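The structure presented is a predicted model; accordingly, all values stated were derived computationally and were not measured.
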Amino acid sequence: MSDADTSTQTLICSARGCRAPAGWSLRWNNPRIHQPERRKTWLACDTHRAQLSDFLTARGFLREVAPLAGSPTLEG
């Protein structure tokens, strides 16, 4: 995703059916299929942050949660 992409559009929460602006970056990977350093990103609004984090944690996938601003997996 380029800077132009993120500056002209609002990033939306990844929760099913949610259209709220995202404020959190949930970085995860599935160790059975991804290299340890690889990170995938789900976006979360304040309402769905805990729900999405719990889902990833229950599967052993969640690596870190950070404010969306400055997320290294969304820049460059």
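Taking the six-membered ring for Trp, Phe61 and Trp42 have ring centres at least 6.0 Å apart.
His48 places no side-chain N or O within 3.5 Å of a backbone atom of Ala44 that could act as its donor or acceptor partner. Judged by distance alone, the side chain of Asn29 and the main-chain N or O of Gln35 form a donor-acceptor pair under 3.5 Å.
Closest heavy-atom contact between Cys18 and Ile12: O-CG2, 3.6 Å. Of all heavy-atom pairs between Cys13 and Cys45, the closest is SG-N, 3.4 Å.
Interatomic distance, Leu11 CG to Ser25 OG, rounded to the nearest 0.5 Å: 10.0 Å. Rounding to the nearest 0.5 Å places CZ of Arg63 at 12.0 Å from CD of Glu37. Considering OG1 of Thr41 and CD of Glu64, their distance stands at 8.5 Å, rounded to 0.5 Å. The distance from the OG atom of Ser53 to the CH2 atom of Trp24 is 9.5 Å, given to the nearest 0.5 Å.
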Between Leu26 and Leu62, is the side-chain contact (heavy atoms from CB on, under 4.5 Å) condition met? List the steps.
CA-CA 7 Å; Leu26 286 67; Leu62 187 63; 4.2 Å; yes
Evaluate the side-chain contact (heavy atoms from CB on, under 4.5 Å) criterion for residues Lys40 and Arg27: first the C-alpha distance (whole Å), next the side-chain angles of each, then the deciding distance (0.1 Å), finally the verdict.
CA-CA 6 Å; Lys40 298 192 68 135; Arg27 295 189 280 261; over 6 Å; no
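Trp28 and Leu68 fall into different hydrophobic clusters, where Ile, Leu, Val, Met, Phe, Trp and Tyr residues are linked whenever their side-chain heavy atoms come under 4.5 Å apart, directly or through other members.
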